[in-house]
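Every chain is numbered from 1 and lettered A, B, ... according to where its sequence line falls, protein lines coming before strand lines. Just so it is clear, the values below take in all heavy atoms, side chains as well, and ignore hydrogens, waters and symmetry mates. Here the structure is a predicted model, which is why all the values come from computation and not from measurement.
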Amino acid sequence: MSEFYKIGIDVGGTNTDAALLCDSEVVALVKVPTNHNDLLSSTMQALHKVLDHYEGKDPLQLHLSTTLSTNAIVEGRGAPANVVAVPGPGVNLKSLEFPFPILELGGYMDHRGREVSPLDLHQIAGLRKALGEDEARALAIVGKFSQRNPSHEQRLKAELSKWHRGFISMGHRLSGRSNFPRRIVTTYLNASIAQHQLDFLGVWKDVDRAPLGEILILKADGGTMNLEDSAERPIESILSGPAASIMGVKALSLCQEKNYVIVDIGGTTTDLAAVVGGEALFERDGATISGYKTLVPAFLVRSIGLGGDSALTYEEGQGITIGPRRSGTPVCLGGEQLTPTDAAVALGLACLGSQEKARQGWQRWGATLGVDGSSLARRVLQAFTRQLRQAVDAFYEELENMPLYTIQELLHPPELRPTAVVGLGAPAPIFIPALGEDLDLPWEVLSFSAGANAIGAAAARATVGVTLRADTERGSVTIPEMGYQREIHRPLFFSIEKARQLAEEKTREYANFRGYDATGEVYIVEEESFQMVRGFRTVGQTHMVRTQLRPEVHRVRGRTK
Amino acid sequence: MTEVGLVFFPAFDWAISHDHPERQERLLYTRDQIQEEGLFDHPSIREYRPRLATDEEILRTHVVLPSLHHTVAESHRIAAGGTIVASDLVIDGLVKHAFALLRPPGHHANRIVHGSRGFCVLNNEAIMVDHLRHRLGADLKVAIVDTDAHHADGTQDIFYNDPGVLHISLHQDGRTLYPGTGFTSERGGPGAYGQTVNIPLPPGTGDEGMLMVMERVVLPILKEWKPDYVINAAGQDNHFSDPITNMSFSAQGYAKLTELLSPDLVVLEGGYSIESALPYINVGLLLALAGLDYSKVQEPVQRLDREKQTKSLTEQVVRVCDEVIDFWQHRSEVKLEEVFGAGSLFQRQRQIYYDTDNIYESQQEYIRLCSDCAGWRVIYTSSTKARDLVGVVLLPWKPCQACSVEAREQQGELLADQRFSQVICVDPAANLHQV
């Protein structure tokens with residue numbers, strides 16, 4: 001059997017990591033500093049550097065976790081996009097103060113996807129003028145309850161496509177979840193960064209791709225998507241960095257526990273994620289980015305301002321506090337201000353730069369406080385562990401307060417607390433053992449902990465999910481992501497089993513359509529089923545099935561070939 | 001501080017029976033609407049999880065027969081616990097207002113509970129009031145404004161002789177709807193006379209009438225009585241589309257009422273127009289409570305013209321308002337002995353029907369007429385479910401020395417009396433529930 005090579009690249013805030021995998025083994029792991037002014041150049045640099053280790057001839061797959069979309073949004077560099085919304089009655093959109101203008105159109109879809117009043121066609125005629133001269137400006141079309149009945153969005157797109165020449169994004173295609181403000185934001189951002197993504201894809205078209213085969217983009221949910229998809233749904237590529245780390249843990253960790261906490265320690269921040277029952281938890285509604293609440297499926301990650309390069313402050317009575325600000329370069333590397341990294345270096349727990357410089361640094365600071373330099377360094381490490389532990393506790397407290405809607409769940413809430421700690425990131429070997437001891441839990445520092453994100457990106461596989469909703473009284477079944485809406489022929493027989501079956505079938509169809517391997521297992525992520533009773537008579541049922549085609553991540557052995 | 005704490009618990013796995021109005025589906029569309037409107041993650045609103053009320057928290061308010069374990073289900077404990085979570089949020093200053101949007105409801109549950117009445121077993125508002133007093137002291141003054149279409153007879157029963165509570169109930173006239181009580185003449189016991197305020201409204205009363213009652217009666221009374229906390233028992237069955245009542249209130253009306261009342265705490269009561277009313281009333285109510293724009297909230301099906309409040313109906317509402325406010329203003333002139341008789345004891349007998357569980361209860365009640373406190377009460381109760389006679393001795397939240405001593409003597413006498421299978425003594429201020 002021929003060997004299967006893959007490259008994973010994760011563009012981080014400080015470094016760009018690249019990993020070359022051959023089947024389940026790591027062939028090479030390289031690191032270059034991220035060039036913030038020209039992300040592409042540092043990405044290419046990492047790519048070429050890792051390709052030096054490739055001796056095969058077959059085209060190899062490239063998995064890219066870029067910060068391109070994330071940065072475009074965070075730095076407000078998205079292109080202006082027009083938003084046309086069909087809000088119907090309810091919360092006044094103007095009161096929500098979106099940071100972009102919204103054109104509101106008449107029409108009313110209710111919570112079961114019944115059209116209460118049709119789209120205001122007269123207003124459509126006037127839209128061209130209202131949207132301005134620019135016929136190519138990206139457009140977001142969003143209706144309230146469009147996930148229950150997308151026909152208003154579809155009709156609007158058909159009408160506007162008659163003259164509009166640019167990118168059009170419809171809300172229901174991006175998510176089957178309920179939340180109109182989030183749908184507006186998600187669709188707007190998707191439209192706004194579409195051109196960035198196209199430019200990015202254009203560059204890759206021109207690049208000499210000789211040894212490269214398929215290029216896939218990493219998503220916030222840890223799955224990959226192909227370039228065609230990423231052009232349609234660029235918003236899904238946000239926050240792929242934390243997702244890459246989590247995928248790295250799934251690929252590399254030897255942890256056998258069902259519940260564990262993932263602690264990804266970086267230079268500036270530490271990211272926490274929770275694995276429960278073997279799966280990393282997801283955000284309830286979707287990712288939040290730069291204050292924008294979206295419906296983009298994403299791992300639940302909490303970031304704290306605590307890292308190897310965090311600034312230290314000393315206050316009388318308070319002791320030492322670490323972060324949340326980042327200090328400059330550590331003293332051991334010639335910097336001015338001591339950092340937690342310097343503490344580890346001075347105490348011989350890490351090898352970086354000059355141990356002597358670090359030692360002198362602690363002695364100088366210790367002298368002003370009247371304590372011995374190395375004991376001060378030890379106190380800094382203790383303070384780091386303490387703060388990390390507090391953050392882990394706060395994180396689980398937050399998880400344990402998530403709303404629950406059934407008596408069974410409330411009486412027997414799922415056990416979330418971790419029984420192990422899995423750490424990654426360059427400073428992980430220094431801090432994870434102490435954290436594990438403090439929490440009284442077994443711990444693991446990932447092999448390749450400094451490049452696990454790139455390995456995670458390489459090991460990730462395509463994910464596809466749909467939301468099926470059947471309303472047997474209305475006699476309709478909808479899958480918004482696919483724009484699918486059909487009548488149910490024999491509503492009486494449309495049971496939850498039938499809904500599950502159809503959802504699975506459609507998930508595979510959707511995966512095939514988008515060009516993915518559809519042979520993996522289709523999981524039911526969420527499910528709801530209610531009897532509808534009117535006047536003491538059962539008139540129908542409503543089923544909701546949310547699926548995910550989720551192939552197992554490629555397991556990677558913790559050693560180099 | 002967050003504007004609104006929302007304790008949402010739709011109990012998606014619980015029903016009285018599968019086609020009962022209190023079924024799994026009841027808050028489904030409300031959940032869908034709040035979620036779609038994005039209110040669960042609106043910066044002014046924060047969602048909280050309920051918890052189970054403890055035995056102690058329930059027994060501070062209720063006497064449950066034959067036993068707590070036998071009569072109270074987990075669903076009831078969660079609804080009551082959710083209201084306690086809501087009150088803690090407000091007491092602790094985490095939120096300005098809290099809304100316990102949960103089921104099952106509670107306002108038909110009396111002090112003594114033999115089973116379920118009007119879909120209610122535990123009185124959520126009453127447990128909330130007693131929790132507030134337990135945390136903040138017996139001097140606390142709490143007003144309950146019950147806007148459910150049904151008379152809040154359970155809440156009235158519990159606070160009927162309680163000077164720390166002002167209970168105002170706006171409801172469809174008892175001559176035309178369950179439970180058939182709540183007339184203006186029901187004004188409270190000798191220890192809290194005038195603090196039970198009933199405002200029966202003619203069937204068909206709409207926004208105009210409801211808001212008129214708020215402006216002419218409820219708000220002036222609250223302004224004068226100066227409660228520390230205002231609770232709105234927010235039944236939503238006064239909506240024009242409700243299948244089991246005949247009122248004509250709208251989502252806009254409810255939001256306006258909420259804005260006028262600005263209650264510290266809101267608890268969902270009834271409301272069974274689960275698709276056409278609840279989603280919109282609750283969105284309007286949440287927005288109004290959070291001080292947000294609710295002007296665009298609107299039901300998909302509009303009120304028919306014939307359902308709008310007629311002029312003659314408005315005149316009837318004006319008459320009710322006049323009668324209630326007139327009595328309120330002159331309540332201190334009432335000679336209590338003319339109402340409750342002279343002597344040391346007031347006595348009454350009652351038959352109480354539990355419609356949901358089909359139980360008849362008989363009560364014989366004695367209230368000590370005391371000039372220093374609300375007076376102890378003794379209730380003999382028996383029911384078709386548990387035929388044994390049970391004696392209950394109740395102390396007020398602020399008993400005088402003499403009443404405390406006498407209540408103990410009463411307890412002793414009942415214990416010595418062979419007729420009683422059980423004697424229960426409740427002293428809420430001392431957190432005592434003695435069986």
* Structure fact -> Answer key: most heavy-atom pairs under 4.5 Å with chain A among B:R77, B:Q298, B:E275 is B:E275

* **Backbone of A:V533 reached by a side-chain donor or acceptor of B:R23 within 3.5 Å** => yes

* Asked: With a 4.5 Å heavy-atom cut-off, do B:R49 and A:L410 have their side chains touching?
  -> yes

* Tell me, for B:Q35 versus chain A, whether the close heavy atoms (under 4.5 Å) come from the side chain, the backbone, both or neither. => both

* To do: Please flag which part of B:P10 lies under 4.5 Å from any non-hydrogen atom of chain A: side chain, backbone, both or neither.
  => both

* **B:F12 versus chain A, the contacting section by heavy-atom distance below 4.5 Å** => both

* **B:D41 side, atom CG; A:R284 side, atom CZ - distance, nearest 0.5 Å** => 7.5 Å

* Asked: Who wins among A:S117, A:G535, A:P403 for the most heavy-atom pairs under 4.5 Å with chain B?
  -> A:P403

* Taking all non-hydrogen atoms of both residues, which atom of A:I407 and which atom of B:F9 are closest, and how far apart? -> N-CZ, 3.7 Å

* **Which atoms of A:Q531 approach chain B - backbone, side chain, both or neither, heavy atom under 4.5 Å** => backbone

* Min side-chain heavy-atom separation B:L28-A:T542 under 4.5 Å -> yes

* **Non-hydrogen side-chain atoms of A:F145 and B:Q33 separated by less than 4.5 Å** => yes

* What part of A:Y405 is in contact with chain B, defined as an atom under 4.5 angstrom from a non-hydrogen atom: side chain, backbone, both or neither? -> both

* Is the shortest side-chain N to carboxylate O distance from A:K94 to B:D293 below 4.0 Å? -> no

* Does A:D110 use its side chain to pair, donor to acceptor, with the backbone of B:P300 at less than 3.5 Å? -> no

* **Side chain proximity check, B:E25 to A:R534, heavy atoms < 4.5 angstrom** => yes

* Structural part of B:F8 lying under 4.5 Å from a heavy atom of chain A -> both

* With chain B, which of A:Q408, A:M532, A:R537 has the greatest number of heavy-atom pairs at distances under 4.5 Å? -> A:M532

* Asked: Given that the side chain runs from C-beta out, which part of A:F536 has a heavy atom under 4.5 Å from chain B: side chain, backbone, both or neither?
  -> both

* Asked: Counting distance only, does the side-chain N/O of A:H111 pair as donor-acceptor with the main-chain N or O of B:T30 below 3.5 Å?
  -> no

* Asked: At a heavy-atom separation under 4.5 Å, does A:T406 approach chain B through its side chain, its backbone, both, or neither?
  -> both

* Portion of B:E299 that has a non-hydrogen atom of chain A nearer than 4.5 angstrom -> backbone

* Structure fact -> Counting heavy-atom pairs under 4.5 angstrom with chain B, the leader among A:L96, A:L411, A:T538 is A:L411

* Salt bridge check: are B:E36 and A:R183 linked by an N-O gap of less than 4.0 Å? -> yes

* Pick one of side chain, backbone, both or neither for B:L39, based on which atoms fall under 4.5 Å of a heavy atom in chain A. => side chain

* Asked: Is there a side-chain contact between A:N92 and B:L292 (heavy atoms, below 4.5 Å)?
  -> no

* To do: Assess whether atom CZ of B:R46 is packed by more than 12 heavy atoms of other residues, nucleotides or ligands within 6.0 Å.
  => no

* Asked: Is it the side chain or the backbone of A:K144 that comes within 4.5 Å of chain B heavy atoms, both, or neither?
  -> both

* Asked: Counting heavy-atom pairs under 4.5 Å to chain B, which of A:Q147, A:R177, A:E409 comes out on top?
  -> A:Q147

* Do any N or O atoms from the side chain of B:E37 and from the backbone of A:V91 form a donor-acceptor pair under 3.5 angstrom? -> yes

* **Exceeds 12 heavy-atom contacts within 6.0 angstrom, atom NE2 of B:H20** => yes

* Checking A:L93 against chain B: side chain, backbone, both or neither under 4.5 Å from a heavy atom? -> neither

* Check each atom of B:I244 against the heavy atoms of chain A and say whether the ones under 4.5 Å are side chain, backbone, both or neither. => neither

* Region of A:E400 that comes under 4.5 Å of a non-hydrogen atom in chain B -> backbone

* Ion pair present between B:D32 and A:R148, side-chain N to carboxylate O less than 4.0 angstrom? -> yes

* B:L27 portion near chain A, given a 4.5 angstrom heavy-atom threshold -> neither

